[in-house]
Amino acid sequence: MNYWLMKSEPNAFSIDDLEKMPNQTEHWDGVRNYQARNMMRDQMKIGDQVFFYHSNCEIPGIVGLMEVVREGYPDHTAFDPQSKYFDPKSDPEKPRWIMVDIKYIRHTNRVISLAELKEQEILENMPLVRKGNRLSIMPVSPAEWSYILSLE
DNA sequence: GCCAACGTTGGC
DNA sequence: GCCAACGTTGGC
């Protein structure tokens with residue numbers, strides 16, 4: 001099983017929003033970065049565990065756990081001119097962008113803030129704590145996963 | 001609101 | 001293929 005971290009701005013889509021969705025499940029659309037797309041397309045498997053990370057907000061950090069319930073398939077928002085994620089270069093016959101479906105598991109007991117994660121020497125190789133990192137989806141090693149959960 | 005980092009675009 | 005300009009991300 002693989003572990004991941006996925007970022008979302010709570011103003012746009014928060015963990016509370018995910019919890020309220022039908023079946024507590026939502027498709028993770030709008031990713032327009034090739035590295036992140038490739039991970040969803042090639043590596044994310046049903047049952048993989050995912051940290052939900054709130055970015056660009058008062059206290060950026062990990063706020064909950066989710067799991068992959070559907071593997072990569074075309075991101076339809078790229079075909080919709082009304083969508084803010086519309087990409088005229090994505091052809092429905094040959095979709096450029098991919099999404100997965102994600103299901104809510106639980107909130108963490110508290111927000112595990114970015115500031116706190118940065119203090120952990122054992123996590124210094126995580127892209128998340130590296131300056132200038134902009135990846136919205138990133139792999140988490142099993143050791144990092146269990147260590148972060150031990151901080152709860 | 002500022003700005004560093006970095007991805008993308010497009011002229012050449 | 002290079003690289004400057006521009007746009008976006010996201011912490012602070």
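Computation of the quantities below employed the complete heavy-atom set of this structure, encompassing side-chain atoms and omitting hydrogens, waters and symmetry-equivalent molecules. A, B, ... follow the sequence lines: proteins, then strands. Residue 1 opens every chain.
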Colleague: Tell me whether the rings of A:His27 and A:His76 are parallel (<30°), tilted (30 to 60°) or perpendicular (>60°).
Modeller: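 Perpendicular.
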Colleague: Think A:Lys7 has a side-chain N or O under 4.0 angstrom from the OP1 or OP2 of C:dG10?
Modeller: yes
Colleague: Return the value, rounded to whole Å, for the distance between atom CZ of A:Arg134 and atom P of C:dG10.
Modeller: 8 Å
Colleague: What is the distance, to the nearest angstrom, from the CD1 atom on A:Ile59 to the P atom on C:dG11?
Modeller: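 Checked: the CD1 to P distance equals 12 Å.
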Colleague: With a cut-off of under 6.0 Å to the ring centre and 45° to the axis, is A:Arg70 in cation-pi contact with A:Tyr73?
Modeller: yes
Colleague: What integer distance in Å separates A:Arg130:CZ from B:dA4:P?
Modeller: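 Rounded to the whole Å, the gap is 21 Å.
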Colleague: Measure from the side chain of A:Leu114, starting at C-beta and using heavy atoms only, and say which of B:dT8, C:dG11, C:dG7 lies closest.
Modeller: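 Nearest to the side chain of A:Leu114 among the choices is C:dG11.
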Colleague: Starting at atom CE of A:Met138, determine the distance to atom P of B:dC6, rounded to an integer number of angstrom.
Modeller: 13 Å
Colleague: Can you tell me if A:Tyr53 touches the phosphate of C:dG11, counting only side-chain N or O atoms and a distance under 4.0 Å to OP1 or OP2?
Modeller: yes
Colleague: Taking for each residue the nucleotide of DNA chain B bearing the nearest heavy atom, is the 5' side occupied by A:Asn56 or by A:Lys89?
Modeller: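 Upstream on the strand: A:Asn56.
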Colleague: Taking atom types as modelled, is there a side-chain donor on A:Ser14 or A:Asp17 under 3.5 Å from an acceptor on the other?
Modeller: yes
Colleague: Output the rounded distance in Å from CG (A:Leu128) to P (C:dG10).
Modeller: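 From A:Leu128 CG to C:dG10 P: 10 Å.
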Colleague: Please report, rounded to the nearest Å, how far the P atom of C:dT8 is from the CG atom of A:Asp87.
Modeller: 13 Å
Colleague: With a 3.5 Å cut-off and no angle check, do the side chains of A:Ser136 and A:Arg32 form a donor-acceptor pair?
Modeller: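 No.
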Colleague: Give the rounded distance in Å between these two atoms: CD1 of A:Ile137 and C1' of C:dG10.
Modeller: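 Answer to the nearest Å: 16 Å.
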Colleague: CD of A:Glu119 versus P of C:dG11: gap in Å, rounded?
Modeller: 16 Å
Colleague: Counting only side-chain heavy atoms from C-beta out, which of C:dG11, B:dA4, B:dG7 sits nearest to A:Lys118?
Modeller: C:dG11
